[in-house]
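In what follows, a structure is listed as structure tokens, so that the remarks can point back to it.
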Amino acid sequence: MYPWLIEAEEYSFNDINDGIRLHLNESPFPPPDFIIEEVKKYLHLGNRYQHPSLLERLRELMAEYNRVEPKNIYPTPGGDGALRAVFYNLIQTGDKVVINNPSYSMYKVYASVRGLKLTRVNLIENDNWWKMNFEKFLDEAKNARLVIIDDPNNPTGSPMLKAEEDKVRALAESINGFILIDEAYYEFSGYTVAKLINKYPNLLIVRTLSKAFSLASYRVGYLIGNEEVIKNLMKGATPFDISLPGYIAGITALENPSYVRKIVEEITKNREYLLNGLRKLGLKVYNSLTNFVFVKDERDLLSPLLNKGVAIRKPIIGYYRISVGTKEQVDALLKYLGEIIENSNSK
Ligand code: PMP
């Protein structure tokens with residue numbers, strides 16, 4: 001057994017069976033009925049491996065959605081599948097990877113599992129946002145094999161490069177390796193570097209249908225990148241990596257993607273309502289371009305909320321990440337938080 005695997009970190013989080021789930025940045029809305037109905041029609045074919053035409057149809061739709069070519073798309077089991085494709089094929093044990101701190105927790109996990117040298121560049125607090133220390137990041141990128149930027153950033157909800165081409169170019173030209181921009185929250189932020197993939201062949205983009213498309217457990221995501229890179233990466237894939245329900249849900253969703261707009265509108269409205277509510281409670285909370293908000297607080301909010309049946313996430317000591325739920329869920333959270341804060345003040 002390799003020593004780094006024995007020492008490696010694992011994905012860690014506390015889940016709940018019932019109650020209000022505001023800890024995993026899920027969509028609070030179930031998949032639309034037209035998707036569920038379509039998936040049901042195919043369930044009896046589960047004994048068979050599916051024809052590669054399903055993979056090709058999904059690629060085609062993902063390409064259309066992003067105004068790129070199917071050969072620029074690698075469909076994967078969720079955004080995590082896309083991340084694994086990169087971590088297991090484009091970088092070797094001992095190589096250097098650079099990420100922001102904080103950023104999506106799985107980057108650290110995959111880096112440790114693969115025995116990579118991880119450098120983390122601290123984000124800078126900037127009023128109601130967080131921003132990248134771009135100079136430092138660029139400097140670290142010079143002898144790295146891979147840099148990963150979740151944009152917008154998880155857990156802060158802040159924009160990072162915001163699809164600025166000058167910054168992408170600077171990174172693409174400095175690194176002897178790949179830049180991975182994780183756009184898991186693209187539908188909420190509205191900006192993307194997708195149109196730059198042909199100009200910068202070492203640029204890759206992660207996407208997922210887990211968030212705004214409301215399909216987290218169907219496990220559908222993809223990588224967008226240069227034709228040559230995608231072709232080589234897909235050598236390690238079969239047309240069976242995504243399950244049949246995943247294929248049907250993904251295809252049906254991308255054939256009728258307009259439902260996503262309604263989800264994004266509703267979540268954006270609820271997010272601003274949540275931000276205002278939290279600020280009225282006197283909490284320090286940052287603006288967000290995503291379906292979650294980031295809160296700075298030294299008190300223990302996690303366990304008293306859990307006692308009320310509400311799960312949120314504590315990604316780092318002194319900070320909380322709260323996913324945006326339905327209006328009713330936001331109201332319940334604000335009510336419970338109000339009570340918890342009042343109790344802690346009166347003690
Ligand atoms: N990237 C980021 C930044 C995320 O926040 C997540 C999920 N929380 C993912 C990737 C992976 O998403 P999934 O595998 O569910 O598609």
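Atoms within each ligand, like the ligands themselves, are counted from 1 in listed order. Worth knowing before you read on, the calculation uses all heavy atoms, side chains too, and leaves out hydrogens, waters and symmetry mates.
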Query - ligand 1 atoms in contact with Gly78 (distance to a heavy atom under 4.0 Å) - result: 14 (O), 16 (O)

Query raised in the report: When you measure from atom 11 (C) of ligand 1 to every protein heavy atom, which one gives the shortest distance, and what is it?
Result: Tyr104 OH, 3.6 Å

Requested in this report: Say whether Thr208, considering both its backbone and side-chain N or O atoms, lies within less than 3.5 Å of an N or O atom on ligand 1.
Outcome: yes

Query raised in the report: Which atoms from ligand 1 have a heavy atom of Ser210 less than 4.0 Å away?
Result: 13 (P), 15 (O), 16 (O)

Query raised in the report: Side chains of Glu9 and Ser112: is there a donor and an acceptor less than 3.5 Å apart?
Result: no

Query raised in the report: Any nitrogen or oxygen of Gly79, main chain or side chain, under 3.5 Å from a nitrogen or oxygen of ligand 1?
Result: yes

Query raised in the report: Among protein heavy atoms, which sits nearest to atom 4 (C) of ligand 1, and what does the distance come to when rounded to 0.1 Å?
Result: Tyr185 OH, 3.7 Å

Requested in this report: Check each heavy atom of Asn154 against ligand 1 and say whether those closer than 4.0 Å belong to the side chain, the backbone, both or neither.
Outcome: side chain

Query raised in the report: How close does the nearest protein non-hydrogen atom get to atom 14 (O) of ligand 1, and which residue and atom is it?
Result: Arg219 NH2, 2.8 Å

Report task. Assess whether ring pair (Phe, Tyr, Trp, His ring centres under 6.0 Å) is satisfied between Phe213 and Tyr65, documenting all intermediate values. Result -> CA-CA 13 Å; Phe213 282 85; Tyr65 180 72; 5.7 Å; yes

Query raised in the report: With no hydrogens and no angle check, do the side chains of Tyr191 and Asp151 hold a donor and an acceptor under 3.5 Å apart?
Result: yes

Query raised in the report: Do Lys335 and Asp331 meet the salt-bridge criterion of a basic N to acidic O distance under 4.0 Å?
Result: no

Query raised in the report: Of the protein's non-hydrogen atoms, which lies at the shortest distance from atom 7 (C) of ligand 1, and what is that distance?
Result: Lys211 NZ, 3.1 Å

Report task. Report yes if some heavy atom in the side chain of Met62 is under 4.5 Å from a heavy atom in the side chain of Glu60; otherwise report no. Result -> no

Query raised in the report: Mind checking whether Asp80 has an N or O less than 3.5 Å away from an N or O of ligand 1?
Result: yes

Report summary line: protein heavy-atom neighbour closest to atom 3 (C) of ligand 1 works out as Asp182 OD2, 3.4 Å

Report task. Work out whether the distance between some heavy atom of Met106 and some atom of ligand 1 is less than 4.0 Å. Result -> no

Query - Between Tyr247 and Tyr218, ring centroids under 6.0 Å - result: no

Report task. Decide if atom CG of Asn307 counts as having more than 12 heavy atoms of other residues, nucleotides or ligands within a radius under 6.0 Å. Result -> yes

Query raised in the report: Should the ring pair Tyr185 and Phe292 be called parallel, tilted or perpendicular, given that the plane angle runs from 0 to 90° and is split at 30 and 60?
Result: perpendicular

